[in-house]
Amino acid sequence: MSLRLYNTLSRTKEDFAPLDPKNVRMYVCGPTVYDYAHIGNARPAIVFDVLFRLLRHLYGAGHVTYVRNITDVDDKINARAAERGISIRELTEETWRIYNDDVSALGCLPPSVTPRATEHIPEMIAMIETLIAGGHAYAAEGHVLFDVSSKADYGKLARRSLDDMIAGARVDVAPYKKGAMDFVLWKPSETGTPGWDSPWGRGRPGWHIECSAMAGKYLGETFDIHGGGIDLVFPHHENEVAQSECAHHGHPLARVWMHNGFLNVEGEKMSKSLGNFVTIREHLPANDAFGGRSWDGVTLRLAMLRSHYRQPIDWTVSGLVQAETILKRWKGVFRIVAVPRDSNESPPDAFLSALRDDLNIPRAVAEMHALADKGRHGDFDAAKGLYQAGKLLGINWDDVLSPQSASEVAQAVAALGDEDGSIAAAIAARKEARKAKNFAEADRIRDELLAQGIILKDGPDGTTWEIKR
RNA sequence: GGCCACGUGGCGGAGUGGUGACGCAGCGGUCUGCAAAACCGCGUACCCCGGUUCAAUUCCGGGCGUGGCCUCCA
């Protein structure tokens with residue numbers, strides 16, 4: 001029952017063995033809270049949520065600690081708050097609340113700890129002092145900088161040498177830096193921007209130090225897994241490694257580094273200038289900004305999980321439609337075979353072994369299709385296995401199995417003004433007509449609904465409806 | 001320019017030195033008052049050029065293409 005994970009440090013899949021099986025520890029870089037999270041931000045949230053669930057399954061729910069930070073001090077935050085004329089605190093609170101709602105709609109569990117940068121300034125200052133004392137950092141003009149030349153193996157995670165980086169540098173080097181690649185641990189704050197008193201004057205932390213300080217506080221000097229988007233490998237994670245290892249007597253920061261691939265939208269990089277920038281929220285019911293309609297959180301989740309986490313993913317309307325179709329098909333299995341919703345049995349081995357192979361979720365989903373096929377033919381164990389498998393992936397079966405999905409109801413209300421339940425009334429009228437063998441009238445009602453975009457489906461348990469796609 | 005990924009059928013997407021994963025779409029059929037759904041059946045894919053090998057989509061080299069990082073962007 002081994003777990004294999006691809007380690008960015010070694011660029012190979014390795015057998016995973018936690019330092020302490022009673023407390024498996026994972027840190028993932030969380031959001032900078034200044035604006036709605038975009039769909040690319042959803043990827044690490046979902047991917048590492050699945051890993052969290054898998055670790056809980058393998059080691060026990062009480063034996064995994066998952067830390068995901070909140071970056072609530074940042075120049076983008078300052079700029080946005082000023083722009084909107086609200087306080088920084090108001091902005092970060094509001095954005096954090098929205099982020100939580102969004103990732104929760106995507107089926108993500110709350111992490112064990114969600115530390116805020118602004119509540120860990122003393123820890124950061126202490127770490128910076130340690131680095132200065134150890135000869136790894138220096139103060140200059142109100143800044144404190146990390147001296148990369150003080151760490152012989154700087155660049156080992158990203159696999160790039162200092163010489164290459166300096167040669168390829170395209171930015172002017174600040175005059176107070178000793179080395180071109182030295183990075184900021186602490187910087188001065190002018191009046192009006194957030195700042196804290198420190199041995200180097202009033203200032204605020206650099207980007208990387210918060211993760212080192214908070215990871216150290218909640219997970220110890222060395223922990224098991226550190227995750228994030230692949231774009232963070234350099235400089236963010238490389239600098240975290242440098243800071244933490246130098247502050248912790250050379251002890252490694254994380255044993256396994258995991259990075260999710262990037263997301264494109266309809267084949268193009270998502271950007272505001274291309275006009276394809278889309279937030280998580282814009283996909284969800286009551287909004288219709290992606291493909292001109294709304295989508296259920298569980299659909300977004302499955303669409304995200306259909307690609308291997310290290311592969312690039314192309315976020316498309318067609319991909320979401322496919323995910324939605326799959327969920328509809330799985331839903332059908334439980335109309336044939338009812339399974340208990342409360343059992344906590346383990347999913348089948350074939351499914352689990354796919355996940356244990358570096359989180360091969362596409363293969364795990366293929367196993368679910370096999371289970372669904374058997375389930376449709378009345379195999380109770382297979383149907384139950386499908387249910388458990390979905391549960392481990394964080395599929396919200398309650399949403400999937402409701403007669404009409406939230407996105408369908410939202411669209412019906414928006415397009416037809418169905419607040420009064422006119423669809424249900426029409427279905428009842430048609431039922432009477434069919435009972436009286438007045439098929440002409442029954443078909444007329446059905447056609448009328450179809451013209452409004454509602455498809456009726458007669459099943460053994462009565463008639464249900466769907467939005468026509 | 002430097003470094004790093006990736007390139008699989010109409011579409012999405014695993015995987016492997018040698019029997020065409022899987023899903024969506026499509027086509028044919030069964031069932032149903034008619035539909036929808038469901039069910040059954042149907043597919044000679046691995047960017048190009050060399051090399052290694054009995055055998056390469058899978059390994060090696062080169063090329064082309066796409067994307068990422070080198071600018072506090074997941």
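Proteins get letters first, then strands, A, B, ... in listed order; numbering begins at 1 in each.
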Please report the distance, rounded to the nearest Å, between [atom1] in [X] and [atom2] in [N].
| X | N | atom1 | atom2 | result |
| --- | --- | --- | --- | --- |
| A:Tyr154 | B:C70 | OH | P | 11 Å |
| A:Ile46 | B:A74 | CD1 | C1' | 12 Å |
| A:Lys328 | B:C24 | NZ | P | 12 Å |
| A:Trp315 | B:G12 | CH2 | C1' | 13 Å |
| A:Arg446 | B:U32 | CZ | P | 15 Å |
| A:Arg430 | B:G33 | CZ | C1' | 10 Å |
| A:Asp314 | B:G23 | CG | P | 22 Å |
| A:Met181 | B:C70 | CE | P | 10 Å |

Under 4.0 Å, heavy atoms only, any strand: does [X] hit a base, just the sugar-phosphate, or nothing?
| X | value |
| --- | --- |
| A:Leu456 | base |
| A:Asn360 | sugar-phosphate |
| A:Gly228 | sugar-phosphate |
| A:Ile336 | nothing |
| A:Gln311 | sugar-phosphate |
| A:Phe439 | base |

Can you list the residues that meet the side chain to side chain donor-acceptor pair (under 3.5 Å) rule with [X], with sequence neighbours excluded?
| X | result |
| --- | --- |
| A:Glu245 | A:Lys151, A:Lys156 |
| A:Glu210 | A:Asn69, A:Thr71 |
| A:Thr299 | none |

Pairwise [atom1] distance for [N] and [M], with rounding to whole Å:
| N | M | atom1 | answer |
| --- | --- | --- | --- |
| B:A5 | B:C59 | P | 13 Å |
| B:A21 | B:G2 | P | 40 Å |
| B:U58 | B:G1 | P | 27 Å |
| B:G43 | B:G26 | C1' | 11 Å |
| B:U57 | B:C6 | C1' | 15 Å |
| B:G10 | B:C42 | C1' | 16 Å |
| B:C4 | B:G41 | C1' | 46 Å |
| B:C54 | B:G28 | P | 49 Å |

Could you please name the option among [options] that lies closest to any side-chain atom of [X]?
| X | options | value |
| --- | --- | --- |
| A:Pro235 | B:C70, B:C34, B:C73 | B:C70 |
| A:Asn260 | B:C73, B:A74, B:G33 | B:A74 |
| A:Arg160 | B:C24, B:C73, B:G2 | B:G2 |
| A:Ala366 | B:A74, B:C22, B:G23 | B:C22 |
| A:Asp458 | B:G23, B:C34, B:C69 | B:C34 |
| A:Lys269 | B:C70, B:C73, B:A74 | B:C73 |
| A:Lys76 | B:G13, B:C73, B:C69 | B:C73 |

Which base, if any, makes a Watson-Crick or G-U wobble pair with [N], both distances under 3.5 Å?
| N | value |
| --- | --- |
| B:U58 | none |
| B:G26 | B:C42 |
| B:U53 | none |
| B:A37 | none |
| B:A5 | B:U66 |

Given [N], is OP1 or OP2 found less than 4.0 Å from the side-chain N or O atoms of [X]?
| X | N | result |
| --- | --- | --- |
| A:Arg376 | B:C39 | yes |
| A:Arg329 | B:C39 | yes |
| A:His377 | B:C40 | yes |
| A:Asn264 | B:U66 | no |

### Task
Please confirm whether any donor atom in the side chain of A:Gln322 sits under 3.5 Å from an acceptor in the base of B:G23, or the reverse.
yes

### Query
With centres under 5.5 Å and planes under 30°, do A:Phe262 and B:G68 count as stacked?
no

### is_close_aromatic(A:His143, A:Trp200), centroid dist under 6.0 Å
no

### Query
Can we call the ring centroids of A:His237 and A:His259 under 6.0 Å apart?
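Close enough - the centres of the two rings lie under 6.0 Å apart.
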
### Task
Could you list the residues that satisfy ring pair (Phe, Tyr, Trp, His ring centres under 6.0 Å) with A:His283, not counting sequence neighbours?
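Partners of A:His283 under the ring pair (Phe, Tyr, Trp, His ring centres under 6.0 Å) test: A:Phe290, A:Trp315.
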
### Message
Once ring pair (Phe, Tyr, Trp, His ring centres under 6.0 Å) is applied, do any residues pair with A:Phe334, and if so which ones, sequence neighbours excluded?
### Response
A:Tyr387, A:Trp397

### Task
For A:Lys457 and for A:Asp357, find the nucleotide of RNA chain B with the closest heavy atom, then tell me which residue's nucleotide is more 5'.
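Closest to the 5' end, via its nearest nucleotide, is A:Asp357.
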
### Query
A:Gly261 or A:Tyr6: which one's nearest nucleotide on RNA chain B is closer to the 5' end?
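So the residue in question is A:Tyr6.
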
### Message
Below 30° counts as parallel, above 60° as perpendicular, anything between as tilted: where do the rings of A:His369 and A:Trp330 land?
### Response
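The rings of A:His369 and A:Trp330 sit tilted, inter-plane angle from 30° to 60°.
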
### Query
Should the pair A:Tyr27 and A:His226 be assigned to parallel (<30°), tilted (30 to 60°) or perpendicular (>60°) ring geometry?
tilted

### Task
Check each residue of residues 299-310 of chain A for a non-hydrogen atom within less than 4.0 Å of any atom in RNA chain B, then write out the ones that pass by number, or none.
A:Arg306, A:Ser307, A:His308

### Electrostatic pair A:Arg293:A:Glu324 at N-O distance under 4.0 angstrom
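The answer is yes: the pair qualifies as a salt bridge.
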
### Query
If you measure from the Lys or Arg side-chain nitrogens to the Asp or Glu carboxylate oxygens, is any gap between A:Glu448 and A:Arg444 under 4.0 Å?
yes

